[in-house]
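Below is one structure, written out as structure tokens, with a few remarks after it.
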Amino acid sequence: MSAQFWSGSVSSVVAQGRADPEFFDPRIARVDRAISGAGSSTLESFVLDASRGASPTYADSGDVRVVKTANVRRFQISGAPAQFVDLSELADQGGLIPTNSLLITSTGVGSAGRTFLYTGSDSLVADGHVTVLPVRGTNTEAAYLCAYLQTPFGRQQIVRLHRGSSRQIEIYPQDLLQLQIPLLPTQVRQAIGDRWLEAESAVRISLNGVRRAEEMIEAVIGQNAGSWGTSSAQVWAEPISSVAVRRRMDAESFAPQIRSLQSAIASVGHRSLSDLIIETRKGVQPSEYSADGDVQVVKSKDVNYPEFSMASCERAHNEGWTQFLKPGQLLVNMTGEGSLGRAGVVPAGAHHAVASVDVCTLTIDARMALPEYVALVLNSWIGRRQTSTVQTGSSGQQHMYPVHFANLLIPLPTDRSGAVDLAWQRSVVDAAEARATALRFAEMVGAELDTVFARHIPSDVDLSTIPR
């Protein structure tokens with residue numbers, strides 16, 4: 001994006017109480033005037049209050065999930081990262097999020113300004129980077145507010161409110177209350193709210209499909225996550241000879257539970273991940289990202305299965321890359337605490353897309369395994385526990401390298417003839433694909449709602465004004 005210049009009067013700065021230049025960006029101010037001119041009301045008129053969450057005391061065995069910035073997505077609170085607090089401690093930590101509350105991420109360039117409507121399906125608490133705004137009206141009315149704030153119009157106006165610099169931006173609750181909400185005709189608002197709730201419900205219900213798929217794999221190996229017990233304190237000893245043979249000094253590599261898990265996998269048909277790979281390719285590092293770039297870049301944050309959408313990937317201009325991602329290739333995160341080892345599959349229709357430097361691209365032998373099945377195993381507790389034993393590094397900077405794929409075992413049951421049972425793998429994938437179907441539906445609804453608002457607001461949005 002080329003440099004932008006504009007000027008503003010001192011009186012405007014004083015009247016608005018703002019000294020940050022982005023607030024006066026004419027491209028953003030134009031949209032604000034269009035929303036106000038079409039008829040609007042402040043967000044404050046729709047909500048009971050606005051407050052940040054607390055900085056919770058995390059507990060591995062806690063019973064209430066914490067909503068962090070990374071969890072807030074358009075139609076869901078995502079499962080990763082998953083951190084918890086004890087219900088008994090909530091009196092001192094801000095309490096549960098009220099049903100029918102807007103959740104708005106409020107810190108960080110590219111992460112601030114995302115919105116979700118909490119409908120009360122689970123007990124949740126917000127951390128200190130998320131603003132909670134309980135809505136006065138019905139679910140449908142709250143869903144309309146959420147749908148607007150998720151559009152390019154809404155996100156642009158939210159991000160405009162940020163204070164601070166050097167990527168340490170903050171959006172304060174009192175500023176969010178001044179957001180202008182367009183008052184579209186009542187029937188249109190009702191239809192938008194109902195449509196948003198339909199998409200959110202489909203995504204929430206589809207979570208059961210992934211769990212069913214995981215249970216099918218557990219049944220084959222005869223273990224489940226509960227087999228590991230709940231004690232976080234584990235002690236074991238290992239002969240120095242084993243340390244020398246494995247060339248590992250980290251305790252996780254010798255955990256008895258990992259050995260038990262891999263013995264269970266070895267008792268059925270299986271292969272190491274490296275045995276299933278035809279080709280391995282390292283990702284690229286764009287010199288910069290651009291909203292109008294001609295190449296999509298899949299970063300570590302994007303990689304998942306079945307929760308993977310190319311639409312959420314950032315873009316860059318082609319820097320001479322000639323090898324692009326192909327549908328069906330397996331993507332594996334090679335760095336990061338919490339994201340290490342997470343896998344995804346390049347979807348059909350991907351064009352001019354590359355993986356970033358922290359993501360490894362694998363071509364899987366289709367005679368042995370479906371890439372979607374391998375991704376499900378790697379993303380399950382079965383895969384994550386194994387990944388924890390091969391990581392290198394510490395202090396949140398974990399890494400994994402292609403050589404470590406030999407230590408990750410993939411259960412591959414066989415049929416009566418002794419051949420790998422690809423039909424069984426397909427049945428596992430089909431169970432999880434209900435999730436992918438719901439996410440595609442939600443993505444379609446999101447685009448549909450963006451279009452509805454664009455028809456009613458007489459202005460366009462310069463996407464380069466919304467940090468990604």
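Computed from heavy atoms alone, side chains included, the values below leave out hydrogens, waters and symmetry copies. What you are looking at is a predicted structure, and each value in this text was computed from that prediction instead of being measured.
Rounded to the nearest 0.5 angstrom, Gln296 CD and His352 NE2 are separated by 11.0 Å. Interatomic distance, Asp86 CG to Tyr58 OH, rounded to the nearest 0.5 Å: 13.5 Å. Atoms CG and CG, on Leu331 and Leu362 in that order, are 8.0 Å from each other to the nearest 0.5 Å. Taken to the nearest 0.5 Å, the CE atom of Met368 stands 4.0 Å off from the CZ atom of Arg271. Considering OG of Ser312 and CD of Glu307, their distance stands at 11.0 Å, rounded to 0.5 Å. Note: Leu103 CG to Leu124 CG = 8.0 Å, rounded to the nearest 0.5 Å.
Taking the six-membered ring wherever Trp is involved, the centroid distance between the rings of Tyr373 and Tyr305 does not fall below 6.0 Å.
Applying the ring-ring contact (aromatic ring centres under 6.0 Å, His included) test to Phe441 and every residue at least two apart in sequence or in another chain returns nothing.
Scanning all heavy atoms of the two residues, the minimum distance from Thr387 to Gly341 falls at CG2-CA, 4.0 Å. Here the closest heavy-atom approach between residue Asn379 and residue Ala343 is recorded as OD1-N, 2.7 Å. The heavy-atom pair separating Leu102 from Cys146 by the smallest distance is CD2-CB, 3.7 Å. Looking at every heavy atom in both residues, Tyr148 comes nearest to Phe153 through CE1-CB, 3.8 Å. Between Val67 and Ile77, the shortest heavy-atom distance links the atoms CG1-CD1, 4.0 Å. The heavy-atom pair separating Thr99 from Gly120 by the smallest distance is OG1-CA, 3.7 Å.
Summarising the local packing, NE2 of His351 is surrounded by 12 or fewer heavy atoms from other residues, nucleotides or ligands at distances under 6.0 Å.
A heavy-atom distance below 4.5 Å is not found between the side chains of Thr280 and Thr363. Residues Val220 and Trp424 have side chains in contact (heavy-atom distance under 4.5 Å, counting atoms from C-beta outward). Residues Phe405 and Met400 form a side-chain contact, since some pair of their non-hydrogen atoms from C-beta on lies under 4.5 Å apart. Ile221 is listed as a side-chain neighbour of Ile382, based on a closest heavy-atom distance under 4.5 Å. Side-chain contact between Val295 and Arg315 is absent, with no heavy atoms from C-beta onward closer than 4.5 Å. For the pair Ile277 and Asp365, the minimum side-chain heavy-atom distance is 4.5 Å or more. In this structure, the side chains of Asn71 and Lys68 come closer than 4.5 Å at one or more pairs of heavy atoms. Inter-residue side-chain proximity for Val303 and Val332 is flagged as unmet; no heavy-atom pair is nearer than 4.5 Å.
A distance-only check finds a donor-acceptor pair linking the side chain of Gln425 to the backbone of Leu370 [under 3.5 Å]. Looking only at distances, a side-chain donor or acceptor of Asp415 sits under 3.5 Å from a matching main-chain atom of Ala419. Asp302 contributes a side-chain N or O that, together with a main-chain N or O of Lys299, makes up a donor-acceptor pair within less than 3.5 Å. A donor-acceptor contact shorter than 3.5 Å is absent between the side chain of Asp421 and the backbone of Leu412. Remark: the backbone N or O of Thr107 is paired with a side-chain donor or acceptor of Ser111 at under 3.5 angstrom. A distance-only check finds no donor-acceptor pair linking the side chain of Ser101 to the backbone of Ile97 [under 3.5 Å]. A donor-acceptor pair under 3.5 Å links the side-chain atoms of Gln150 to the main chain of Arg74, judged by distance alone. A donor-acceptor distance shorter than 3.5 angstrom exists from the side chain of Arg73 to the backbone of Ala70, with no hydrogens or angles considered.
Between Tyr401 and His399, the angle of the ring planes stays under 30°, which puts this pair in the parallel group of the 30/60° scheme.
Using a 3.5 Å distance cut-off with no hydrogens or angles, the side chains of Thr69 and His129 do not pair a donor with an acceptor. For the 3.5 Å distance criterion, the side chains of Thr151 and Asp450 fail to qualify, holding no donor opposite an acceptor. At a cut-off of 3.5 Å, with distance as the only test, no side-chain donor of Ser356 or Asp358 sits close to an acceptor on the other residue. For the residue pair Arg114/Thr105, the side-chain donor-acceptor check at 3.5 Å is not satisfied.
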*Kindly indicate, with the supporting measurements, whether the criterion side-chain hydrogen bond (donor to acceptor under 3.5 Å, both in side chains) is fulfilled by Gln386 and Gln262.*
CA-CA 8 Å; Gln386 295 186 80; Gln262 293 197 319; 2.7 Å; yes
_Quick one, Glu141 with Arg189, criterion salt bridge (Lys or Arg N to Asp or Glu O under 4.0 Å). Give me CA distance, side-chain angles, the key distance, then yes/no._
CA-CA 7 Å; Glu141 292 166 333; Arg189 297 206 301 268; over 6 Å; no
*Derivation of the salt bridge (Lys or Arg N to Asp or Glu O under 4.0 Å) call for Arg195 and Glu198*: CA-CA 5 Å; Arg195 189 66 163 157; Glu198 181 183 3; 2.9 Å; yes
*Apply the test salt bridge (Lys or Arg N to Asp or Glu O under 4.0 Å) to residues Arg52 and Glu170: give CA-CA distance (whole Å), side-chain angles for both, the deciding distance (0.1 Å), then the verdict.*
CA-CA 11 Å; Arg52 285 281 187 91; Glu170 298 269 352; 2.7 Å; yes
*Hey, mind stepping through Lys301 and Ser339 against side-chain contact (heavy atoms from CB on, under 4.5 Å) and telling me if it holds?*
CA-CA 8 Å; Lys301 66 180 178 62; Ser339 60; over 6 Å; no
_Pair Ser272, Ser274 - check side-chain hydrogen bond (donor to acceptor under 3.5 Å, both in side chains), show working._
CA-CA 5 Å; Ser272 71; Ser274 60; 2.9 Å; yes
*Can you list the steps and then say if Glu279 with Arg281 is a salt bridge (Lys or Arg N to Asp or Glu O under 4.0 Å)?*
CA-CA 7 Å; Glu279 180 186 36; Arg281 188 184 306 160; 3.5 Å; yes
*Go through the steps to decide whether Leu422 and Arg367 satisfy the test side-chain contact (heavy atoms from CB on, under 4.5 Å), and finish with yes or no.*
CA-CA 8 Å; Leu422 292 174; Arg367 298 168 301 176; 5.9 Å; no
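A salt bridge does not link Arg440 with Glu443: every distance from a Lys NZ or Arg NE/NH1/NH2 to an Asp or Glu carboxylate oxygen is 4.0 Å or more.
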